Amino acid sequence: MIVVDSKVSYPEKVNVEGLESKWSRLWEEAKIYRFDGSAPKQRIYSIDTPPPTVSGSLHIGHVFSYTHCDIVARYKRMQGFEIFYPMGFDDNGVPTERRVQNYYGVRCDPTLPYVPNFSSSDLTGKEVVALSRQNFIELCNELTQKDEQVFEDLWRKLGLSVDWSITYTTVGQTARLISQSYFVRGVLKGEIYSLDSPTLWDVDFQTAISQAELEDREVEGTYNRVRFYFEDGTPLEIETSRPELIPACVGVVVNPEDERYKGIVGKVVYSPLFEVPLTVFTHPLADPNKGTGAAMVSTFGDLTDVTWWRELSLPLRNIVNRDGRLVKEIRFDEENWPSRDPATAQGFYEALALRTTKQARETVVQLLKDNGHLSGDPKKIRHVVKFYEKGERPLEVVTSRQWYVKTLVHKDDLLRRGLELNFIPSSMRVRYENWVRGLNADWNISRQRYFGIPIPTWYEVGADGEVLYDRPIVPKETQLPIDPQVDTPEGYTESQRNQPFGFTADPDVMDTWATSSLTPFIAIASASDRVDLDRCFPMDLRPQGQDIIRTWLFYSVLRSELEYKTLPWENTLISGFVLDPDRKKMSKSKGNVVTPMPLIEKFGADALRYWSAYGRPGVDTAADESQMKAGRRLAIKIGNASKFVLAVTSLQKKGDEEALRPRSLIPIDKDMLLALKECIEQATDAMDAYEYTRSLELIEDFFWGYCDNYIELVKVRAYGEDDAQKSREGSLSARYTLLKSLSILLRAFAPFQPYITEEVWSWWQHGSIHRAPWPLGKEIDFILGDTSQTKSKGSYELASTVLSEIRKAKSSAKVSMKTAVKELIFEADDSLASVFETIRGDVIHAGVVKEVKTLTGDYRVQVELDLA
RNA sequence: GGGCGCUUAGCUCAGUUGGUUAGAGCAAUUGCCUUACAAGCAAUAGGUCGAGGGUUCGAGUCCCCCAGCGCCCA
């Protein structure tokens with residue numbers, strides 16, 4: 001245990017500086033937060049800690065939400081639970097790739113060969129260097145390790161009671177093993193499948209993305225009214241914002257209710273410039289009020305096109321490459337592009353080949369204009385277009401083979417799980433439900449990126465060297481983790497890679513959420529030396545931000561449902577955002593991001609935790625230095641009050657306060673303890689409901705009153721300077737009560753202010769306060785002993801009120817608090833008067849009262865000062 | 001367009017199931033070197049609870065409607 005010296009000692013002057021480094025080191029050495037996996041399941045409280053994105057910059061929001069969770073962890077630990085409290089680092093995926101690209105000035109080119117012994121110090125940073133996939137990945141690993149250290153330093157300084165012997169990263173070996181295992185299991189169960197189909201595609205990131213990564217943005221566009229032609233040359237006008245997709249046209253749709261077009265349904269029109277015949281269909285999604293009411297269907301301009309293409313069984317005419325440029329060549333004389341004038345079509349297309357969609361759009365508009373196919377002038381419009389949340393160009397729809405996790409068929413089950421999950425605050429459940437109800441596609445988990453966990457699959461290669469995607473080679477779970485680009489499937493030799501009748505690797509990596517959704521399992525696997533799923537799963541708590549309910553929370557619920565038909569945890573604690581001091585959202589571009597380390601240095605970790613604790617679950621909170629200042633003051637106050645209590649009680653040996661136990665307690669001491677008991681019970685109830693703010697409020701409120709009133713009232717008695725004959729009994733009662741109440745208050749503050757409470761605890765107690773029991777009502781009952789005495793009821797409150805009256809009188813007379821009260825008149829009914837008698841002595845001392853007159857009548861306190 | 005949340009003192013926020021005179025911290029003001037604490041303490045002032053309507057003996061709290069702000073989803 002931490003402290004060996006058993007003498008009670010406290011400093012001359014209370015100092016809150018430097019507690020963080022002192023205690024975080026001692027806690028680590030004494031393994032205070034080490035998880036004991038041998039505990040039975042009921043005694044384990046397990047937390048699915050959010051792994052922070054290490055490539056992101058540290059900001060005050062990290063302090064905020066992680067403190068909320070830590071308060072809960074410390075509370076549960078003091079209640080006797082063994083806390084499974086791991087720490088992960090999210091270093092997986094695109095954010096890391098981007099950071100590495102920018103940090104080192106490199107880019108990944110998978111066609112390059114691996115350079116052994118390559119080091120980041122070889123990089124000058126002057127020009128962008130192309131690296132092989134493997135070299136690039138090594139740089140990612142190098143940088144994330146640096147980044148992780150920065151986070152760990154902050155967490156330790158903040159006093160998170162994480163068990164640092166249980167850590168993981170989301171690209172590490174354990175994460176690989178778990179992600180790939182659950183992938184393989186999903187494939188075998190048929191819950192994960194691959195499909196070649198239209199997919200939303202970011203042309204800059206060159207990857208498919210999922211529904212959760214989508215963002216709708218309103219952008220400027222142009223409507224062009226284009227003439228298509230019937231066989232006889234009559235035009236049919238169609239408005240489109242994407243004329244460059246005219247060569248990709250596969251049909252025309254009108255609304256079935258649209259009277260204007262009833263006569264043309266089933267007829268054929270020819271596309272302008274390219275002269276490809278297109279049939280007119282009806283479909284309810286064709287909006288009669290949009291443009292002319294007739295719409296062209298191309299493969300693919302957007303997701304509506306995909307719907308039309310599917311439901312009307314139209315042909316596929318892909319013209320957009322994955323890099324966002326139009327394909328090099330189209331043969332307009334072939335079956336798929338049966339132009340009635342192939343030569344002309346060919347000529348027009350040459351002007352478009354290999355251009356970006358944006359360039360091609362301008363060219364097509366010009367061509368349409370020149371050839372008289374444009375009706376009227378193009379119209380500027382604002383319309384909603386889908387973007388990748390991290391992307392800058394609108395998404396394209398390209399056809400590609402991707403792996404999917406089934407979600408749509410599980411919607412109802414997932415909604416039911418949502419009802420079982422305790423959302424804190426409960427209003428957050430709606431966000432989950434809205435998301436689940438709005439799902440319209442299965443979850444695409446393959447990403448065409450480099451830094452990530454490989455999809456653990458190969459494919460057979462056919463006789464002509466073609467990849468047989470419908471014949472995936474899925475490894476056995478025991479072979480995992482693998483990298484299919486390096487490892488060889490069972491039954492093959494490496495020489496057969498990419499050869500006819502051989503095999504080829506799936507080049508893709510998994511969506512980061514496909515890994516992050518498994519954090520409960522990764523965390524438990526990281527502590528496999530101590531614990532397993534049987535005792536740690538389902539977990540108790542998932543703390544997380546409100547912004548990732550549709551991703552992290554949802555996907556985690558999904559994976560747990562697919563694999564175990566259960567929730568991954570019982571409770572989820574949702575934190576709000578931290579806003580800048582002006583209540584604006586913090587963002588790098590605004591330059592208003594508040595970084596935590598300088599604040600910790602300025603106010604102390606306890607102070608930042610205090611501010612954090614005043615942010616209720618789910619409530620956005622401003623970074624408010626005045627609140628941090630208040631937290632610092634509280635820490636100092638705790639130190640000073642403790643110093644006083646220890647000074648006055650003359651306790652000699654640590655942990656020896658029972659030796660001071662008097663035969664009985666003075667009424668006001670009892671009454672204060674009863675009030676403390678009520679406070680603690682309410683604070684406990686609040687903690688059990690995860691209302692840590694309410695809990696702190698109750699404890700803090702009691703504590704300030706305790707300092708201002710109780711300590712002042714019993715001060716003289718505790719010093720033993722009372723000249724009454726009951727002196728000894730009175731001072732014993734005060735000292736014992738002070739010590740016991742201090743112990744309780746310190747423990748109640750411990751989850752919120754772990755540093756100052758531990759520091760103070762070490763002055764007079766053995767062991768860490770963070771392994772001491774959370775105070776309970778029955779503990780106070782024991783201190784009280786016989787509680788039958790009724791005289792004490794209300795005496796603490798009455799004494800505080802009278803003392804306050806005396807202070808008010810002195811303050812309004814602008815005199816020192818030492819000024820004597822010439823006469824205090826207390827008028828009340830008999831029962832209140834008898835309560836007053838029990839506090840008379842303490843009030844006289846605390847208020848410096850010369851004479852007290854008690855009268856029977858209506859309640860009245862009158863203070864007459866001695867202003868001579 | 002749909003949903004959720006917010007609007008209370010100069011600022012940041014509490015306000016339980018409707019119930020005395022709406023609370024706290026910070027800031028402000030006036031004082032106090034008081035042997036735990038001047039990095040402190042005491043006291044004072046400050047609010048027609050976003051607007052309007054309704055239910056009720058009684059509304060910051062419940063209902064309706066409107067406005068502004070924030071977030072989520074289309």
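Note that the structure is a prediction, hence the values are computed from the model and not measured. The sequence lines fix the lettering, A, B, ..., with proteins before strands; numbering per chain opens at 1. What's counted below: heavy atoms across the whole structure, side chains too, no hydrogens, waters or symmetry copies.
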Q: Run the ring-centre check on A:F64 versus A:W611 and record whether the distance is less than 6.0 Å.
A: yes
Q: Check if the side chain of A:R632 and the base of B:A39 share a donor-acceptor pair of N or O atoms closer than 3.5 Å.
A: yes
Nearest to the side chain of [X], which nucleotide is it out of [options]?
X	options	answer
A:W435	B:G40, B:A74, B:C37	B:A74
A:K818	B:U34, B:U44, B:G40	B:U34
A:E17	B:A39, B:C41, B:C32	B:A39
A:K637	B:A14, B:G25, B:G40	B:G40
A:S626	B:A42, B:C26, B:G70	B:C26
A:D708	B:A14, B:C37, B:C41	B:C41
A:Q211	B:A74, B:G40, B:G15	B:A74
A:R694	B:C71, B:U16, B:A42	B:U16
A:K814	B:U30, B:A42, B:A39	B:U30

Q) Would you say B:U35 has OP1 or OP2 under 4.0 Å from some side-chain N or O of A:K715? A) no
(Q) With rounding to the nearest 0.5 angstrom, report the CD to CZ distance, A:E827 to A:R860. (A) 4.5 Å
Q. OG/A:S517 to OH/A:Y555 distance, rounded to the nearest 0.5 angstrom?
A. 9.0 Å
Q.
Let's go through A:D842 and A:R717 carefully: what are the C-alpha distance in whole Å and the side-chain angles of both, what is the deciding distance for salt bridge (charged side-chain N to carboxylate O under 4.0 Å, His left out) to 0.1 Å, and is it a yes or a no?
A. CA-CA 7 Å; A:D842 288 341; A:R717 183 151 54 88; 2.9 Å; yes
(Q) Need to verify one output field. Residue with the more 5' nearest nucleotide on RNA chain B, A:D216 or A:V16? (A) A:V16
(Q) Heavy-atom nearest nucleotide on RNA chain B for A:K643 versus A:S816: which residue maps closer to 5'? (A) A:S816
Q. OH of A:Y710 versus P of B:C41: gap in Å, rounded?
A. 20 Å
Q | Whole-Å gap separating C1' (B:U35) and NZ (A:K13) | A | 14 Å
Pairwise N/O distances under 3.5 Å, protein to nucleotides 1-7 of chain B:
none

Q: Treat a base pair as Watson-Crick or G-U wobble with both distances under 3.5 Å, then lay out RNA chain B in dot-bracket form, 5' to 3', with | for cross-strand pairs.
A: (((((((..((((.....[...)))).(((((.......))))).....(.(((..]....))).)))))))).
Q) Do the rings of A:F300 and A:W309 sit parallel, tilted or perpendicular, given the 30° and 60° boundaries? A) perpendicular
Q) Stepwise, does the side-chain hydrogen bond (donor to acceptor under 3.5 Å, both in side chains) test hold for A:E213 with A:S210? A) CA-CA 5 Å; A:E213 295 163 300; A:S210 67; 3.1 Å; yes
Q | Other residues, nucleotides, ligands: >12 heavy atoms within 6.0 Å of A:Q211 CD | A | yes
Distance, [atom1] atom - from [M] to [N], rounded to whole angstrom:
N	M	atom1	result
B:A45	B:A51	C1'	28 Å
B:U8	B:G60	P	15 Å
B:C66	B:U20	C1'	33 Å

**Q.** From A:Q753, A:R633, A:K629, A:E700, residue fulfilling side chain to side chain donor-acceptor pair (under 3.5 Å) relative to A:Y610
**A.** A:E700
